[in-house]
Each structure stands twice: as C-alpha cells, then as structure tokens.
Amino acid sequence: MNIFNEVRESIHKVVHSLYPDAPLAKITVEPPRDATHGDMATNAAMILSKVAGKPPRAVAEELVEKLKASNPNITKADIAGPGFINLALKPEAFRAVLGHALLAGAKNFGDGTIGKSEKVNVEYVSANPTGPLTVGHARGAIFGDAVANLMLKAGYAVQKEYYINDAGKQVEVLTDSVILRIREAAGENIGEIPAGCYPGEYLKDVAKAYLESHKTWDDRKTVRDFAIRFLMNEIKIDLGELGVKHDLFVSEAEILNSGAVAKAMDQLTGLGLIYQGVLEPPKGKTPDDWEPREQTLFKSTDFGDDVDRPMKKSDGSTTYFANDIAHYFHMHKMGYDRLINVVGADHGGYVKRAKAAVKAITQGKAELDLPLVSIVHVTDNGQPVRMSKRAGTFITLRDMMDRVGSGVMRFIMLTREAGQTLEFDYTRVTEQSKDNPYFYVQYAHARCCSVMKHAKEMFGAVTDTDLAKADLSRLERPEEMAIIKLIATWPRVVEQAATASEPHRIAYFAQDMAAAFHGLWNKGRDDGTLRFLIENDKQLSLARLALVRGVAVTIAAALNVIGVEPLDELRSDTELEAA
RNA sequence: GAUCCCGUAGCUCAACUGGAUAGAGCAUCUGCCUUCUAAGCAGAGGGUUACAGGUUCAAGUCCUGUCGGGAUCGCCA
C-alpha cells in the first residue's frame with residue numbers, strides 16, 4: 001500500500017487526458033521538504049509547461065480543480081513557488097496506512113511491486129578462498145545483502161550469489177603457502193615465509209587440519225582442494241554469523257571445467273568480437289618489463305570500453321576476465337537479465353569492460369551493474385586500530401564481529417553511501433547514547449515494546465489485529481499525524497532505495513523514524529495529554545497504542561532489510577554487544 | 001598520460017536518482033532534572049555545496065574545463 005503511488009496514478013490520469021503526449025514518467029509525487037507545504041507535492045505543471053506551451057503556473061491553474069476531483073482523498077490543491085502543486089489529503093487516508101501496517105506486520109509492510117518479479121542476480125562477497133574475510137569484505141557483504149533484501153522487498157525475484165574465485169594464480173599461491181605450513185607442522189624448519197606466499201598464520205590451522213586426515217602432501221590438487229574447502233567453510237561460518245546467507249555458490253573452477261568459457265569465447269568469436277592483436281602500452285606509466293606482444297583480444301571498445309581486453313594468458317589459459325564473461329553469460333542463460341555485482345572500489349577500472357562484455361555477449365539483452373564499495377577505516381576512540389597479525393595484514397571480519405556484534409556492524413556499515421569511505425569507531429558504535437545511530441534506533445523500538453508492556457498491565461493484552469480496528473480518528477494531534485505520515489512514506493522509501501540500490505537510505509529512514517518517536521515520547525514528558533496511555537480513556541489509549549505499534553512495525557521492517565534483529569529491551573550495557 | 005570514485009557547516013555525513021529557504025549528529029553558546037518517560041530535552045549561531053563556465057522554468061545533483069584527495073591501468077581477481 002503506497003499512498004504516494006495512488007495519488008500519482010490519479011495525477012497521471014488527469015494529465016494524460018489533457019496532454020496525451022506528456023512524459024508521465026517525469027511527473028512525480030513526493031512529500032515536501034517543508035511540512036507546511038502540505039502532504040504531497042507534484043511537479044506536474046512544471047514538467048507539462050513545455051508540452052502545453054504555457055508557463056508552469058498557468059498549467060497548474062488548469063490542473064488544480066481536476067486533481068481535486070480525481071481522487072477522493074485529496075482535499076486541497078494549491079499552487080506554490082515556480083509551479084508546484086501542493087496537495088493536502090484527508091487524515092483518514094494516512095490513518096488507513098497505519099491500519100494496513102499493523103495488519104501487514106514488519107515482514108510485509110512496505111512490500112512493493114515495482115520489481116514485477118523480474119529475476120535479478122546479486123553477486124557479492126565473492127572473496128578468494130585464500131584467507132579469512134576482512135572488514136572490507138564485511139562491508140561488501142552487508143551492502144550486497146541489503147541491496148538484495150531491498151530488491152526482494154520491492155518485488156524482484158532475487159538470487160544471492162557468491163562466486164568462488166577458486167581458479168588461477170592466487171589459489172596456486174595458496175597451495176604453495178599451505179604446503180609450506182604443512183611441512184612446518186610436520187616438524188620441518190621452513191625459515192621465513194618467502195615473498196611470493198601468504199604469510200598469514202591462519203594457514204597453520206589449515207595445515208594442522210590437513211595432517212589430521214592426510215599423510216602426504218605430494219599431490220598439489222589434494223592440498224589445494226582441501227585448503228579451499230577449509231577456507232570456504234570458515235568464510236561461510238563468518239558470513240552465517242553476520243547473517244549473510246547466499247542462495248547460490250558458483251565455482252570459477254567448475255565454470256572452467258564445464259566448458260562454459262570456451263562457449264563464451266565461441267559466442268564472441270561468432271559475433272566477430274575476438275581478434276589477435278597488440279595492445280599499446282599505457283601512456284605515462286610504462287611497466288619496466290613492457291614489450292609488445294600479440295594476444296587474443298576482445299573488442300570491448302565497441303561497447304564503451306577504453307581499450308580492448310586480453311582473453312588469454314601467454315600460457316594459453318583464459319584470463320579472469322574471460323572467465324567472468326563466461327560466468328555472466330551463464331547467468332544470462334539461466335534467465336537473469338539483471339545482474340548486480342558488488343565489488344570493491346579498487347575494481348573501479350573493471351566496471352567499463354565488464355559492462356561492455358555483458359552487453360556484447362548477451363547482445364544487449366542483459367544489463368550489469370557494478371556498485372563500488374569503498375574501504376573501511378577502523379578506529380577505536382579516534383585512534384587507528386592495529387591490524388591483526390594473525391590475518392597477515394588486515395583486520396578480519398571475525399575481529400570486528402567479536403568486538404561489536406553483527407547487528408552493530410550491519411547497521412553502522414549502512415550509515416554511509418557505499419562509494420564513501422567509512423569510518424568505523426569501536427568506541428562510538430558501542431556506546432549507548434544518541435550519537436550512536438544503532439542504539440538510537442534500537443532504543444526507539446525498545447521503548448515501543450515497553451509501552452506495550454505497560455498497556456498490558458493497564459488494559460490487558462491486545463494484538464495488532466485488535467489495534468488495527470481501534471478508532472484511529474482519535475489520533476488527531478499534529479505530533480501524532482506527523483508520525484503517521486512518516487510511517488506512510490515507508491513503502492515509498494523502499495521503492496526509491498531499491499531503484500537506486502542505496503540501502504543506506506533505509507538506515508537513515510530508521511533514524512528519522514526513531515527521532516520522530518523519541519520526540520513524541522519527550523513531549524509526553526512535558527505534556528501529560530500526549531502520553532500513550534491515558535488510564536480513563538481506553539479508546540484513546542488503544543488508538544495511540546496502534547500508533548506505537550505502527551512505529552515498532554515500521555522500524556522492525558527497516559531493520560529487517562538491513563538485516564538487524566529489532567530488540568525488545570535494552571538492559572545492561574553488555575547487552576548491546578550480545579545483540 | 002588515461003579511466004573511475006570522491007570533494008557539502010570546525011568534525012562525521014544526509015539531501016527522496018533535476019525541485020521550493022541545502023538538512024542531521026558531534027562540537028560551541030543559552031535555558032531546563034525533589035515529576036510518571038532525562039542512558040536526556042527545548043532553542044541559537046554556524047554555508048559562495050572545491051573553483052570557473054554551460055544546459056532550463058529550476059543545478060549540490062546533468063555537461064565541459066581547472067584544482068585537490070583516493071583507486072586502477074597486458075598474462076592478480
């Protein structure tokens with residue numbers, strides 16, 4: 001139930017009857033920044049100005065009466081500023097959304113239909129199985145998971161995918177490194193870890209586990225497969241505790257073995273996009289060992305890339321890029337024409353060629369998006385946190401999760417736009433104060449629950465279904481209506497955040513919701529008539545409880561998307577960590 | 001040299017994919033706890049949105065250029 005879409009439909013009908021050629025998609029309905037402007041504002045007159053050949057305000061004059069007649073909920077339509085039409089709606093229209101929210105519950109409130117059940121594949125994390133996940137991976141995991149949740153809620157058929165990069169050079173390096181550690185564990189003195197190997201001490205665990213079930217380490221494949229399985233298992237455990245669960249794990253090695261890469265190459269060759277050629281060296285910064293070399297190239301410049309890209313290494317094996325193309329092509333053939341691949345900001349240079357490749361190999365049928373997730377600066381009380389020795393160079397996801405808990409991580413990591421670097425301060429994100437958005441939002445939810453407990457003592461237990469039937473017209477104070485209207489924007493927020501792939505908007509909405517509720521709570525402290533529970537007026541109390549539950553449901557719905565469990569109470573100061 | 005990300009209040013960041021007077025928190029200043037709901041509340045100050053042009057009814061948002069920070073640049077993924 002999206003009240004903004006309903007009004008927009010009415011407006012579109014009116015506009016279409018007057019101007020059949022009008023660009024309806026550009027005509028929007030939004031809550032005005034300034035609440036005194038009304039409940040909703042539309043830019044229709046300004047958009048139509050061109051088609052109509054009249055100034056915006058003249059078009060607006062023409063529209064207002066018709067708009068009022070178009071939808072029984074609209075009570076007022078005023079022209080303002082450069083040609084905005086400000087609309088006022090009956091309070092009942094908003095109260096109806098509140099009733100709806102209570103019946104829908106946190107799980108379903110805000111569900112949208114814009115996705116039209118379109119199949120979307122969201123690929124994220126996809127870390128090499130060569131070591132533990134880092135906080136950088138954590139951010140990508142949380143962002144990707146939230147995007148997937150968002151799109152699911154907006155009505156897309158979402159698949160969450162982890163693409164395991166278990167082929168190529170890095171796993172060979174891993175194998176070498178593990179064999180070293182096995183020899184070490186077997187009593188051999190291996191000295192310093194050579195430069196080309198992974199130094200992380202976590203590989204000792206791999207070696208130890210290996211020796212428990214194997215006697216020799218002559219066969220590289222056996223060691224490699226064991227190490228990958230072991231490390232992938234660790235990764236899955238970490239992700240599981242973080243609350244990230246993929247629907248599908250795809251192995252790069254399997255893609256290779258299945259012949260999919262060869263098929264993708266054939267497809268591109270058939271399209272005339274593969275050729276033998278020599279690349280120019282990059283200008284300004286020529287690598288020392290540069291020498292012109294003929295190689296197998298993909299003509300990605302035909303699809304917006306800057307240079308053509310190599311598909312084969314000098315040893316004849318395919319490049320990771322070729323393998324990725326095969327992977328994308330595979331997803332396309334599985335019916336996914338909307339592909340989202342969350343990658344780290346260091347992959348920025350990869351975006352153009354990947355998009356080009358998908359466009360080329362699916363002949364424009366599929367579209368690939370590659371949101372970039374920036375790095376995380378971990379601090380503690382403003383001081384940079386030292387990196388974990390055990391992991392080699394990085395702070396691990398595990399370090400952070402043990403320190404602050406997964407709920408805090410998920411929320412805080414979504415309080416910044418993905419493209420921005422994120423500062424994550426251990427002290428600040430765990431303190432119980434208004435400065436900590438995680439706490440602030442949870443506290444609002446807990447307060448709602450606390451009110452319900454008191455209500456139970458005063459009036460007996462009530463369900464959300466009961467409350468949805470309460471006389472909501474008793475909610476007439478401006479403060480109450482403001483919150484109801486905020487609740488009514490939730491479905492719209494979901495829609496907007498999903499189309500933009502920007503889950504941080506959900507975190508901000510949750511904070512707005514919490515702030516509004518805390519505000520009302522505080523007013524009740526000064527003004528007794530604004531309290532939720534009025535002992536001698538049960539009907540009013542029930543209406544207000546409906547509002548309280550509406551807030552709780554909406555916050556819980558937002559936290560669901562983020563992947564955080566809403567808390568019913570915040571007890572001692574250690575509870576936050578346990579959450 | 002090229003490409004991509006970024007530049008908003010002293011600090012950390014928003015701004016509904018082009019909308020009205022650019023908003024929050026921190027910090028600063030001014031008022032508030034013998035009270036149910038102060039792990040706080042109410043209010044104030046703080047801006048040439050890096051800079052210069054352009055597009056249009058309208059630009060923090062789109063285009064061009066400049067400056068500054070970051071990332072990447074043939075057989076790592």
Side-chain angles (χ1 to χ4, degrees), chain A residues 26 28 30-34 37 41 43 45-47 49-50 55-57 80-84 86 126-128 130 163 165 167-170 173 252 278-287 289-293 295-297 305-307 309-321 323-324 343-352 372 374-375 415-417 419-423 425 428 431-437 439-440 443 447 450-451 454 489 492-493 495-497 499-502 504-505 508-509 511-512 515 518-519 521-526 528 531-533 570 573:
Chain A
K26 293 175 83 171
T28 60
E30 45 190 69
R33 232 195 299 249
D34 187 342
H37 289 151
N43 61 354
M46 292 175 287
I47 298 294
S49 174
K50 198 165 267 175
R57 292 191 67 105
F84 283 100
N86 291 329
S126 297
N128 294 326
T130 55
Y163 180 58
N165 295 121
K169 197 173 184 176
Q170 299 205 2
V173 173
E252 182 182 5
V278 180
L279 286 177
E280 296 278 310
K283 283 175 186 167
K285 189 197 164 195
T286 311
D289 58 347
W290 177 271
E291 50 186 78
R293 191 177 294 148
Q295 47 195 337
T296 305
L297 299 170
D305 199 3
D306 307 309
V307 287
R309 305 291 176 177
M311 300 292 276
K312 284 191 178 170
K313 304 179 190 173
S314 52
D315 66 2
S317 65
T318 48
T319 59
Y320 72 89
F321 179 51
N323 299 350
D324 280 0
V343 292
D346 55 339
H347 284 55
Y350 180 68
V351 172
K352 273 192 186 180
L372 302 178
S374 285
I375 56 169
T415 55
R416 294 285 175 274
E417 208 177 333
Q420 294 273 7
T421 61
L422 172 89
E423 193 183 317
D425 191 289
R428 213 164 56 178
E431 72 187 15
Q432 306 209 353
S433 75
K434 201 183 169 184
D435 316 346
N436 178 359
F439 170 78
Y440 192 62
Y443 189 31
R447 270 182 163 172
S450 162
V451 172
H454 286 119
T489 64
R492 184 173 184 274
V493 171
E495 212 172 82
Q496 304 261 356
T499 42
S501 293
E502 291 186 352
H504 73 276
R505 295 190 195 183
Y508 276 92
F509 175 82
Q511 291 180 70
D512 288 346
H518 287 310
W521 178 287
N522 289 321
K523 274 193 176 148
R525 204 174 50 225
D526 300 330
R531 300 229 169 158
F532 303 117
L533 300 174
L570 303 170
D573 52 2

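Note on naming: letters A, B, ... go to the chains in the order of the sequence lines (proteins, then strands), and numbering restarts at 1 for each one.
- When heavy atoms are screened at a 4.0 angstrom cut-off, A/Glu280 is found touching no nucleic acid atom at all.
- Nucleic acid contact for A/Gln511: none, since no nucleic acid atom lies under 4.0 Å from a heavy atom of the residue.
- Searching all strands for a Watson-Crick or G-U wobble partner of B/G18 with both distances below 3.5 Å returns nothing.
- We find that CG of A/Asn522 is positioned 8 Å from C1' of B/U37, with the value rounded to whole Å.
- Heavy atoms of A/Ser49 sit nowhere under 4.0 angstrom from any nucleic acid atom.
- At least one donor-acceptor pair under 3.5 Å links the side chain of A/Asp425 to the backbone N or O of A/Arg428.
- Distance CG (A/Asp512) to C1' (B/C13): 13 Å, rounded to an integer number of Å.
- In terms of polar N and O atoms assigned as donor or acceptor, the side chain of A/His347 never comes within less than 3.5 Å of the base of B/A71 in a complementary pairing.
- Taking atom P in both B/U61 and B/U49, the straight-line distance is 10 Å, to the nearest Å.
- With sequence neighbours left out, A/Phe532 forms a ring pair (Phe, Tyr, Trp, His ring centres under 6.0 Å) with A/Phe517.
- Nearest to the side-chain atoms of A/Tyr320 among the listed nucleotides B/G74, B/C76, B/A77 stands B/A77.
- Using a 4.0 Å cut-off between charged side-chain N and carboxylate O, A/Arg505 and A/Glu502 make a salt bridge.
- Checking B/A39, B/C4, B/U72 against every side-chain atom of A/Lys352, the shortest atom distance belongs to B/C4.
- Aromatic pair A/His37/A/Phe84: ring centres not closer than 6.0 Å.
- Across the C1' atoms, B/C6 and B/A14 are found 16 Å apart, a figure rounded to whole Å.
- Rounded to the nearest Å, the gap between the P atom of B/G45 and that of B/G23 is 13 Å.
- For the C1' atoms, the distance linking B/G46 with B/U64 amounts to 33 Å, nearest Å.
- Within 4.0 Å (heavy atoms only), A/Gly524 reaches no atom of the nucleic acid at all.
- Nucleotide B/A2 holds its P atom 16 Å from the CZ atom of A/Arg309, rounded to whole Å.
- For the OP1/OP2 pair of B/A39 and a distance below 4.0 Å, the side-chain nitrogens and oxygens of A/Tyr443 include at least one atom meeting the criterion.
- Between B/G65 and B/U3, the distance separating the two P atoms is 9 Å to the nearest Å.
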Identify all pairs in which a protein N or O lies below 3.5 Å from an N or O of nucleotides 15-21 of chain B, and state each distance.
from: B/A15; atom 1: OP1; to: A/His504; atom 2: NE2; distance (Å): 2.9
from: B/C16; atom 1: O3'; to: A/Gln496; atom 2: OE1; distance (Å): 3.0
from: B/C16; atom 1: O2'; to: A/Gln496; atom 2: OE1; distance (Å): 2.3
from: B/C16; atom 1: O2'; to: A/Gln496; atom 2: NE2; distance (Å): 3.1
from: B/C16; atom 1: O2; to: A/Arg492; atom 2: NH1; distance (Å): 2.5
from: B/A20; atom 1: OP1; to: A/Arg33; atom 2: NH2; distance (Å): 2.8
from: B/A20; atom 1: OP2; to: A/Arg33; atom 2: NE; distance (Å): 3.1
from: B/A20; atom 1: OP2; to: A/Arg33; atom 2: NH2; distance (Å): 2.0
from: B/A20; atom 1: N6; to: A/Asn86; atom 2: OD1; distance (Å): 2.5
from: B/A20; atom 1: N1; to: A/Asn86; atom 2: OD1; distance (Å): 3.0
from: B/A20; atom 1: N1; to: A/Asn86; atom 2: ND2; distance (Å): 3.0

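- For the C1' atoms, the distance linking B/A22 with B/G47 amounts to 9 Å, nearest Å.
- Among all heavy-atom pairs drawn from A/Leu372 and A/His347, the shortest one is CD2-C, 4.4 Å.
- Counted within 6.0 Å of NZ on A/Lys313, heavy atoms from surrounding residues, nucleotides or ligands total more than 12; the atom is thus considered enclosed.
- For B/A77, one of the phosphate oxygens OP1 or OP2 lies less than 4.0 angstrom from a side-chain nitrogen or oxygen of A/Lys313.
- Between B/G1 and B/A9, the two C1' atoms lie 37 Å apart (nearest whole Å).
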Identify the pairs formed between an N or O of the protein and an N or O of nucleotides 27-35 of chain B at a distance under 3.5 Å, and give each distance.
none

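- Minimum atom distance to the side chain of A/Leu279 is reached by B/G74, of the listed B/G74, B/A77, B/C4.
- Using atom C1' as the reference point in both B/C63 and B/A20, the two lie 24 Å apart (nearest Å).
- The phosphate of B/G70 (OP1 or OP2) has no side-chain N or O of A/Gln420 nearer than 4.0 angstrom.
- Among the heavy atoms of the strands, none lies under 4.0 Å from A/Lys26.
- Rounded to whole Å, atom C1' of B/U37 lies 5 Å from atom CH2 of A/Trp521.
- A/Thr421 comes within 4.0 angstrom of sugar-phosphate atoms only, judged by non-hydrogen atoms across all strands, and of no base.
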Set out, in order, the CA-CA distance, both residues' side-chain angles and the distance that settles side chain to side chain donor-acceptor pair (under 3.5 Å) for A/Tyr440 and A/Asp435, then state yes or no. CA-CA 8 Å; A/Tyr440 192 62; A/Asp435 316 346; over 6 Å; no
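- When the P atom of B/G69 is taken as reference, atom CD1 of A/Ile375 falls 16 Å away, rounded to whole Å.
- For the residue pair A/Pro32 and A/Ala41, the shortest heavy atom distance occurs at CD-N, 4.2 Å.
- Not a single donor-acceptor contact under 3.5 angstrom links the side-chain atoms of A/Tyr508 to the base of B/A24.
- The CZ-P distance, from A/Phe509 to B/A24, rounds to 17 Å in whole Å.
- Annotation: the span from A/Asn522 atom CG to A/Arg525 atom CZ amounts to 4.5 Å, rounded to 0.5 Å.
- Here A/Gly83 lies out of heavy-atom contact (under 4.0 Å) with every strand.
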